[in-house]
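Input: a single structure, listed below in C-alpha cells.
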Amino acid sequence: MAKTFYTERDIEDLAAQGVQSLRVDDDTVLTELAREAARKLGIQLTERDERPSSAPHRPYLSDKDKPARNAASAAAAPSGGDLEQRVYSSVKKRLGDQVDDTLLKAIVQRVLKNVGGN
C-alpha cells in the first residue's frame with residue numbers, strides 16, 4: 001500500500017476544513033513541522049504507539065529508561081553548556097557566515113536536548 005505524506009501545509013488545510021483528529025498508522029508519514037502544526041492547531045494524532053511514524057526506532061535516543069552514567073563517564077562528559085559551545089563553534093567554523101548565529105544556536109540547543117546532551 002502507498003504511504004500518505006503530510007506536511008505542515010497539509011495539516012493547516014485539514015484544520016481549515018474542520019478536521020479535529022487524524023489517524024496515523026504505518027502507511028502515514030508526518031514531517032516534524034506537520035506534527036508541530038497539528039499540536040498547535042489542536043488536531044489530535046491517534047497512533048498505535050508513541051513513536052512518530054516518520055522516525056525510525058532509535059532506542060539509544062528514544063527509550064525513557066536510559067542507563068545511568070557511571071561516575072567516570074559523567075566526569076569525562078562535557079557539561080551541557082560546554083558541549084553546546086563546542087558544537088556551535090565547530091559548525092560555525094565550517095559554515096562561516098552561511099548560517100545565522102541565532103538560528104544555529106537554536107538548532108544546536110534543540111539537537112542536544114533531543115539526544116540528552118543538554
Side-chain angles (χ1 to χ4, degrees):
M1 180 179 229
K3 292 192 180 272
T4 304
F5 288 82
Y6 289 95
T7 64
E8 178 183 24
R9 177 61 188 251
D10 296 321
I11 298 299
E12 291 170 350
D13 290 345
L14 289 173
Q17 296 170 13
V19 173
Q20 296 179 348
S21 67
L22 180 64
R23 174 95 171 115
V24 179
D25 58 22
D26 291 339
D27 295 319
T28 308
V29 178
L30 275 77
T31 66
E32 282 300 313
L33 290 176
R35 287 185 180 281
E36 287 180 28
R39 184 183 50 79
K40 287 179 185 175
L41 296 170
I43 295 179
Q44 181 180 8
L45 301 176
T46 56
E47 304 180 42
R48 283 192 297 166
D49 61 12
E50 293 180 26
R51 185 176 67 239
S53 61
S54 62
H57 181 62
R58 299 179 292 178
Y60 54 92
L61 295 180
S62 59
D63 285 351
K64 292 179 171 95
D65 299 324
K66 294 181 181 176
R69 291 183 180 179
N70 62 32
S73 66
S79 68
D82 181 45
L83 180 58
E84 179 181 326
Q85 184 58 42
R86 288 177 35 209
V87 170
Y88 170 83
S89 297
S90 178
V91 173
K92 187 67 177 172
K93 182 178 176 182
R94 181 165 232 183
L95 296 179
D97 292 330
Q98 296 178 23
V99 63
D100 178 69
D101 289 340
T102 305
L103 177 61
L104 178 57
K105 286 178 185 177
I107 291 169
V108 170
Q109 289 171 351
R110 185 173 182 181
V111 168
L112 290 177
K113 179 180 176 186
N114 287 336
V115 298
N118 200 5

Are Leu103 and Leu33 joined in one hydrophobic group, where the rule is that I, L, V, M, F, W and Y side chains link up if heavy atoms are under 4.5 Å apart?
-> no
Looking at residues at least two apart in the chain, or sitting in another chain, which of them share a salt bridge (charged side-chain N to carboxylate O under 4.0 Å, His left out) with Arg110?
-> Glu36
Here the gap from Glu84 atom CD to Ser89 atom OG, rounded to the nearest 0.5 Å, amounts to 10.0 Å
What is the distance from atom CD1 of Ile11 to atom CG of Leu30, rounded to the nearest 0.5 Å?
-> 5.0 Å
CG of Leu14 to OH of Tyr6, rounded to nearest 0.5 Å, is 6.0 Å
Contacts of Ser21 that satisfy side-chain hydrogen bond (donor to acceptor under 3.5 Å, both in side chains) - sequence neighbours left out | none
Do you know which two heavy atoms are closest between Arg35 and Val24, and how far apart they sit?
-> NH2-CG1, 4.2 Å
Can you name the closest pair of heavy atoms from Thr46 and Arg23 and give their distance?
-> OG1-CA, 3.4 Å
In Å, rounded to the nearest 0.5 Å, how long is the span from OG1 of Thr102 to CD1 of Ile107?
-> 11.0 Å
Taken in chain and number order and not counting sequence neighbours, the residues that satisfy side-chain hydrogen bond (donor to acceptor under 3.5 Å, both in side chains) with Thr7 are Asp10
Is the side chain of Lys3 donor-acceptor paired with the backbone N or O of Asp26 at a distance under 3.5 Å, no angle test?
-> yes
Residue set satisfying salt bridge (charged side-chain N to carboxylate O under 4.0 Å, His left out) with Glu12, at least two apart, ordered chain then number -> none
The salt bridge (charged side-chain N to carboxylate O under 4.0 Å, His left out) partners of Asp101 (sequence neighbours excluded) come to Lys92
Not counting sequence neighbours, which residues clear side-chain contact (heavy atoms from CB on, under 4.5 Å) with Ala15? List them please.
-> Leu41, Ile43
